[in-house]
Chemist: 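Here it is: the structure, laid out below.
No hydrogens, no waters, no symmetry mates; every other heavy atom, side chains included, goes into these values. We count ligands from 1, going down the list as the structure has it; atoms in each ligand are counted the same way. These numbers were taken from a predicted model, which means no experiment stands behind them.
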Amino acid sequence: MSQFQAIDVNEYYDTNTFERIKSFAADKPTPFVVIDTQIIAKQYDDMVRNFPYANVYYAVKANPAPEVLSLLRDRGSNFDIASIYELDMVMNLGVTTDRVSYGNTIKKRKDVREFYARGVRMFASDSEADLRMLAEEAPGARIYVRILTEGTHTADWPLSRKFGCQNEMAYELLVLAKELGLEPYGISFHVGSQQRDIGAWDSAIGKVKVIFDRLQEEHDIKLKMINLGGGFPANYLDKTNELEMYAQEITHFLKDDFGDDLPEIILEPGRSLLSNAGVLVSEVVLISKKSYTALERWVFTDVGKFSGLIETMDEAIKFPIYTERQGELDKCVIAGPTCDSADIMYEHYSYGLPTDLAIGDRMYWLTAGAYTTTYSAVCFNGFPPLKDYYL
Ligand SMILES: *Cc1c(COP(=O)(O)O)cnc(C)c1O
């Protein structure tokens with residue numbers, strides 16, 4: 001039954017790593033996620049090696065555990081922060097505010113005031129109302145304006161539409177920023193998370209170049225920074241290019257447009273640093289069929305959309321699922337444990353699980369270190385939030 005994909009763990013983790021995670025997991029009650037911090041360190045080092053000219057601002061929302069933040073702090077990372085709560089998390093670990101960017105374009109006045117009071121001087125914006133508020137609460141701060149991007153249909157988890165403004169507006173906002181006594185500092189974009197089309201960066205960088213040139217020519221404003229956002233790949237079922245290929249291509253796009261005199265380049269990886277470091281472990285609660293003649297089994301497990309797997313919404317992120325059974329694979333619907341019919345992870349995509357899979361077996365959701373713990377509900381149906389362990 002070649003329609004279904006047997007998961008080869010070796011494509012995702014080296015054997016020792018996976019055995020280490022599995023034996024650590026063996027006596028723990030499910031569900032939980034185990035995160036190997038050595039993999040985060042490696043992913044971070046790879047990022048820096050591949051983009052030696054860039055400054056990394058880790059997108060804290062991907063996983064704000066102190067184990068993660070302190071590791072990245074020690075390796076020299078900066079932090080992309082979206083709320084006062086995330087700011088507290090990094091500052092509690094001794095991160096100084098010169099390593100923080102307030103990257104959310106949606107912010108309360110009182111929070112901006114607090115960020116500024118604590119020393120944060122770099123803010124994202126994409127609207128006039130926000131910019132005018134920033135001018136009052138964060139005078140003189142560095143402003144980068146986020147532009148809308150296209151091509152987000154090739155991203156598995158788009159971050160489009162809601163954030164950014166059109167090029168013309170971005171241009172005008174940067175002019176206004178200067179008039180308001182702010183420092184027009186740069187431009188940012190996010191091509192969509194888990195972006196499989198590297199060309200998405202090409203068109204975004206092209207737009208940035210036009211705005212850089214117009215501001216220089218028409219207003220003598222010299223922008224200093226481009227923020228290339230996140231969107232770098234993690235290793236799920238749908239394959240992507242290697243990070244190295246992303247880096248080569250993106251570097252080439254930058255050099256094409258900006259020559260050797262690159263502005264400051266910022267990267268904001270979240271998923272690509274964390275996902276591959278995590279394995280989510282669940283247990284099969286029930287296997288059933290909806291009729292005696294039904295062809296598909298329903299496999300209910302003790303983790304679901306409300307306990308960390310929200311990115312399976314519309315089956316967007318396809319986690320590789322490994323079990324220890326060796327039987328032939330046949331089609332399954334995979335669903336969570338709650339009393340909400342939206343709590344189905346995969347129904348249309350052809351997930352095949354072994355025919356000998358049994359109640360009580362463990363399911364290992366690979367590449368689950370990002371956007372799982374934080375997305376977990378607090379108490380839906382009484383289920384506690386997803387537990388996390390760090391090795
Ligand atoms: C979520 C987010 C990121 C991280 O994106 P990934 O695709 O997970 O790397 C980066 N920048 C901003 C502004 C974000 O909101």
Chemist: Return the closest protein heavy atom for atom 1 (C) of ligand 1 as residue, atom name and distance.
Modeler: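 Looking only at protein heavy atoms, the one closest to atom 1 (C) of ligand 1 is K61 NZ, 1.2 Å.
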Chemist: Test of understanding: given a 4.0 Å heavy-atom threshold, classify the contact between N104 and ligand 1 as side chain, backbone, both, or neither.
Modeler: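 Neither part.
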Chemist: Would you mind checking which non-hydrogen protein atom is closest to atom 5 (O) of ligand 1, with the distance to 0.1 Å?
Modeler: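 Of the protein heavy atoms, H190 NE2, 2.9 Å lies nearest.
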Chemist: Any idea which protein heavy atom is nearest atom 10 (C) of ligand 1, and the distance to it?
Modeler: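 The protein heavy atom lying closest is E268 O, 3.1 Å.
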Chemist: Does the gap between the ring centers of Y389 and F24 come in under 6.0 Å?
Modeler: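 Yes, the ring centres sit under 6.0 Å apart.
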Chemist: How does Y371 reach ligand 1, if at all, at less than 4.0 Å between non-hydrogen atoms: by side chain, backbone, both, or neither?
Modeler: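 The answer is the side chain.
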Chemist: Would S272 count as being in polar contact with ligand 1, using the rule that some N or O on each side must be under 3.5 angstrom apart?
Modeler: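 Among all N and O atoms of S272, none is under 3.5 Å from an N or O of ligand 1.
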Chemist: So among F232, Y44, Y246, which one has a ring-ring contact (aromatic ring centres under 6.0 Å, His included) with F51?
Modeler: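 Filter result, single survivor: F232.
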Chemist: Without swapping roles, check the side chain of N104 against the backbone of K107 for a donor-acceptor pair under 3.5 Å.
Modeler: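 Looks like no, no N/O pair under 3.5 Å.
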Chemist: May I ask you to check whether G230 has an N/O atom sitting below 3.5 Å from an N/O atom of ligand 1?
Modeler: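 There is no such contact.
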Chemist: List every atom of ligand 1 that sits less than 4.0 Å from any heavy atom of S193, numbering the atoms from 1 in the order shown and giving each element.
Modeler: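 Numbered from 1, ligand 1 contributes 6 (P), 7 (O), 8 (O).
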Chemist: Can you tell which part of A59 has a heavy atom less than 4.0 Å from ligand 1: side chain, backbone, both or neither?
Modeler: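 Only the side chain of A59 comes within reach of ligand 1.
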Chemist: Is it possible for you to check whether R146 lies under 6.0 Å from the centre of the six-membered ring of F189, through NZ or CZ, and within 45° of that ring's axis?
Modeler: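 R146 over F189 ring: no.
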Chemist: Verify ring pair (Phe, Tyr, Trp, His ring centres under 6.0 Å) between F18 and Y364, making sure each step is shown before the conclusion.
Modeler: CA-CA 10 Å; F18 190 67; Y364 297 89; 5.7 Å; yes
Chemist: Through direct or indirect side-chain contacts below 4.5 angstrom among Ile, Leu, Val, Met, Phe, Trp and Tyr, which residues connect to I106?
Modeler: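 Its cluster mates, by chain and number, are F163.
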Chemist: Between F212 and F258, does the ring centroid distance fall short of 6.0 Å?
Modeler: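 Ring-ring flag for F212/F258: true, centres closer than 6.0 Å.
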Chemist: Less than 4.0 Å is my threshold; does some heavy atom of G231 fall inside it relative to ligand 1?
Modeler: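 A heavy atom of G231 does come that close to ligand 1.
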Chemist: For atom 9 (O) of ligand 1, what's the nearest protein heavy atom and its distance?
Modeler: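 Going atom by atom, the protein heavy atom closest to atom 9 (O) of ligand 1 ends up being G270 N, 2.8 Å.
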Chemist: Would you list the atom pairs, donor with acceptor, under 3.5 Å between side chains in residues 168-180 and any protein atom, with sequence neighbours excluded?
Modeler:
from, atom 1, to, atom 2, distance (Å)
E168, OE1, R214, NH1, 3.0
Y171, OH, E218, OE1, 2.4
Y171, OH, H219, NE2, 3.1

Chemist: Provide the number and element of each atom of ligand 1 under 4.0 Å from a heavy atom of P269.
Modeler: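 Per the distance check, 9 (O).
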Chemist: Do the two ring centres, one from Y351 and one from F4, sit under 6.0 Å apart?
Modeler: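 Not under 6.0 Å, so no.
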Chemist: Do ligand 1 and R146 have nitrogen or oxygen atoms that lie under 3.5 Å from each other?
Modeler: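 No; every N/O pair is 3.5 Å or more apart.
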Chemist: Side chain or backbone, does G103 bring an N or O within less than 3.5 Å of an N or O on ligand 1?
Modeler: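 There is no such contact.
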Chemist: Take atom NZ of K239 as the centre, draw a 6.0 Å sphere, and report whether it contains more than 12 heavy atoms from other residues, nucleotides or ligands.
Modeler: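 Enclosed.
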Chemist: For D80, take its heavy atoms, then give the atoms of ligand 1 lying under 4.0 Å from any of them.
Modeler: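 Numbered from 1, ligand 1 contributes 11 (N), 12 (C), 13 (C).
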